[in-house]
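In this text, all values refer to a predicted model and were calculated from it rather than measured experimentally. Every number for a ligand or one of its atoms is a count from 1 in the order of the listing.
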Amino acid sequence: MRLLNVKNIILGVIFIFSCNSLIHAQLSEKDQVRLDELMGKMTLEEKIGQLNQYTGDYEATGPIRKGGDKVEEIKNGKVGSMLNIKGVENTRILQEFAMQSRLKIPLLFGLDVVHGYYTTFPIPLAEAASWDIEAIEKSARIAATEASSGGVHWTFAPMVDIARDPRWGRVMEGAGEDTWLGAKIAGARVRGFQGDGLGSTDAVMACVKHFAAYGAAVGGRDYNSVDMSERMLRETYLPPFKASVDAGAATFMNSFNDLNGIPATGNVFLQREILKGEWDFQGFVVSDWGSMGEMIAHGYCKDEKEAALRSIIAGSDMDMESRVYTHELEKLVNEGLVPMALIDDAVKRILTKKFEMGLFDDPFRFCNPEREKAALNDPSNREAARDIARKSIVMLKNNNQTLPIDIKSKDKKVKTIALIGPLAQSENDMLGFWSISWPDGDIVSLEEGLRSRLPEDVKLLVAKGCEINTDSKTGFDEAIEIARKADIVILSIGEALDMSGEAKSKGHIRLPGVQEELAQAIQGTGKPVVVIMNAGRPLVFNWVADNMPAILYTWWLGSEAGNAMADVIFGDYNPSGKLPMTFPRDEGQIPLYYNYFSTGRPSFGDHDLLYKSAYIDMPNSPKFPFGYGLSYTTFEYSDLVLSSKSMSSKDKIHVTLNLKNTGKTAGEEVVQLYLKDRFGSVIRPVKELKDFRKLMLQPGETKSIIFDIDAEMLSFYNNDLQWVAEEGEFELMIGSSSADIRLKESFELK
Ligand code: GLC
C-alpha cells in the first residue's frame, strides 16, 4: 500500500468534526436521539453495510458483478440500498428481508427515473428545448409521484452535466451547453423530484449527477478523461451542481471521469473541499456504478484496498456495485488507515436521509398498492407529458409555409398524406434512453398520433422505406409509390433509442443507415415534405436541412410523442422550442458552442478566412445555433430602453422592450438576454445567456418585457479565482436566438 497523502486524511477528519453536528441539524430532536442510539449499537460491519449498494435484476445499468447472496447479505444488515428495483411488491419483499436484520435498518431503493417513471416524458435535452422551467419542474414532480407510489425512494437524477460535444451520447440526459440555463433547469428538477420535502410519500430523493465535469470528456468519448482549469470548472461546469445544492438536493452521484488526473470518486478537492466544504452539502454521495473499483483501471489505485481507502477519504459515502467497501473497509479501519470518524460521517449522512424519508417510522410507507394503482393511472399525467412534449419540439425550417398541414378547412388542398420512414410507426424509440419499460406501457407513435386526428376525407398512407440502420433500399420503391399518390409527405427519420445515451458515443453523428438516401428519393417525387427528426442528440444532416422545406426536431418525446407531434404538424400547437445545444455542420467543428471567446483573429462570417481563426475547408458557423427555433408566426422586437447607461455594483439597470406578434397565429416566443463584458482581466465570451422570458402573444398583440441587470450577472472568476464584476463596458443583446440578435445596447459598470 503506497503511503497516502496524510494531509487528505487529516483534512477529511478535521472537516468531519467541523460539520458533524450540522448533519444532525436536519433531524428532529427525537430522531437525532434515535440516530445516535442506533449508531451506538452498530458494529463496524453493520456500519459498512450501510455504505454498500447492490443492483436488483430489473435492468442492469452497468457491468454486473456475479457472486455473493444479496438476500442473505440484506438479512445480515450488510446492504444499505438496492437499485433497479421497482414496484411496491418487489420493494416490500426486500424490505421484509432488511427487517430480519439485527437492527432492522430499512433499505433505500434507487432507480434512474430520469424522464418519467410510468408516464415517460421527453428526454431531458428535449425538455430543455421547451425553456419552460415550470413545465420541467412539473415533469419531475409527476415522475416523483409515480415512482414513489411504486416503492422508489430515490431517483438518480437530475443529470446536470454541461455538454458541448454531441458526440457524447449522454447529452440526451442533460440540459445542453449553457451554464445559466442548465442551472435554472437543475434547480427545477430537484424541486420537482423532492416536492414538499423528504418524508412526503410523493417525494423522492434527488441525486445530482455526475459530479463533476463528465460532459467535458475528451473527444466526446464516454468515461474519458477531463482536463480543465479550475476557473473553467467553476465558471462553466459547477454552477448547475451548486444550484442543485441550493435547491436542497438530498444526494449526489460522482462521475466516472478523472478530473485533472484524479478520478472523481477519489477526488478530495471535488467532494470534500468543494461539495461538502465550500458548499456545506449535508447529504450523501453515491459512487457511480463500480467507479470505486475502476480507479484501479484508471491507474490511480493499486488494488481494491487502496480504492476503498481513497474513496472514503474523498467523501464517497456509498459504493454502488464495486464492493470495495464491503471487501476492504473493515481491514482498513482495523489497520488504523481509516479513522472511524470517516466511516461514521458516511453512515450518519445515509441514515439521516433514511430518517428524513420516514423509513424508520414505517419502512413500508412507500409500499401502498392502492396509491401505486391510482398514481399510475392518473390521466392528467399523460396530458402533462403531452404538453411539455409539444413545447419541446423545435421547428428548424418551414419554407413556403409547408407547415402546419391544413386538414380542417373545407377547401383544404391535402386529401392524402404519405407517412414514410423507419420511425413512423415506432413506439419504443419514442421513449428514448433511460426510459423505464412496462409491458402494458401505452406509447403513442407518430402514425397513431396522426391517425387520431384525421377527418374522414383525409387518407394516410404508410411505408417504412428503410430500416433505421441498414443499407437496404428495398423499401424505397413502396415509399416512392405512396409519395406519388399523396399531396404531402411526412418523413420520419432519425435515431433508434439506443443510439444516444450512456456508452453511446459516436465519431460520426449523421443520419444512420440509408435514411438520407430515402429523403433524396422522396424529394425526387417533387412532393412537399415535412421532416420529423427523432434523436437523442444534435445530428449532422446537412442534405436534409438544405433540401427539405420543413423540419421539426422532435427528439424523443416519450409516451405522448405521437400526439404532441400531430399537435404541431396540424397546427393545434404553434411550435415554441429553442435549441439548448448548438448543431454543428460537421463533426470537425466540435466542440462548437455559442459562448466562445473572440480570439485575436476572429472570423466575421463563413468567408472571412485569411489569417483568421477559421477552417479553410468548412464554415465556422453552426448549422443551427443555440437558442434557435421557428414559429408559425413572427415577432417584432422594439423600443429597447435602459433605465441608465451606467450602474455601480450596488445598482440595477432596468431593461424594457416591446415584443409584438406580427403574424396571424397566436404563439410563444423565448426572448433571450445576452451580455458581453467587452474587456476583462481574463477574456470573456462573445456573449452569455443571462436571462430569458417565454411569453404567449395573440396575433397583433404587443407586450412589454422587463429585465433587471445586476452585478451578479456581470460577475465571473478572475485569474485569482475571485468571483468579481469588473468595471468597464458591457454589451446587452436581446435575441430570438444566440445568432439572431434583434436589439442591442451598451452600458457601463462604474
Ligand atoms: C450508470 C450511470 C448513472 C446511473 C447509474 C445507475 O452507469 O452512469 O447515471 O444513475 O449507473 O443506473
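- Side chains of Leu181 and Leu689 form a contact here, defined as non-hydrogen atoms less than 4.5 Å apart.
- For Tyr223, the ring-ring contact (aromatic ring centres under 6.0 Å, His included) partners are Phe256, not counting sequence neighbours.
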Polar pairs, ligand 1 vs protein, N/O only, below 3.5 Å.
unit_1, atom_1, unit_2, atom_2, d
ligand 1, 7 (O), Thr61, O, 3.4
ligand 1, 7 (O), Asp288, OD1, 3.4
ligand 1, 7 (O), Glu502, OE1, 3.1
ligand 1, 7 (O), Glu502, OE2, 3.1
ligand 1, 8 (O), Arg170, NH1, 2.8
ligand 1, 8 (O), Arg170, NH2, 3.4
ligand 1, 8 (O), Asp288, OD1, 3.3
ligand 1, 8 (O), Asp288, OD2, 2.6
ligand 1, 9 (O), Arg170, NH2, 2.8
ligand 1, 9 (O), Lys209, NZ, 2.8
ligand 1, 9 (O), His210, NE2, 2.7
ligand 1, 10 (O), Asp112, OD1, 2.5
ligand 1, 10 (O), Lys209, NZ, 3.0
ligand 1, 11 (O), Asp288, OD1, 3.2
ligand 1, 12 (O), Thr61, OG1, 2.5
ligand 1, 12 (O), Asp112, OD2, 2.5

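- Here Ser322 pairs with Asp319 under the side-chain hydrogen bond (donor to acceptor under 3.5 Å, both in side chains) rule; sequence neighbours left out.
- Comment: Glu127 engages Arg189 in a salt bridge, judged by a side-chain N to carboxylate O separation of less than 4.0 angstrom.
- Geometric assessment of Lys209 against the ring of Trp434 yields a positive cation-pi assignment under the 6.0 Å and 45° thresholds.
- Not counting sequence neighbours, the partners of Val71 by the side-chain contact (heavy atoms from CB on, under 4.5 Å) test are Asp69, Lys75, Phe97.
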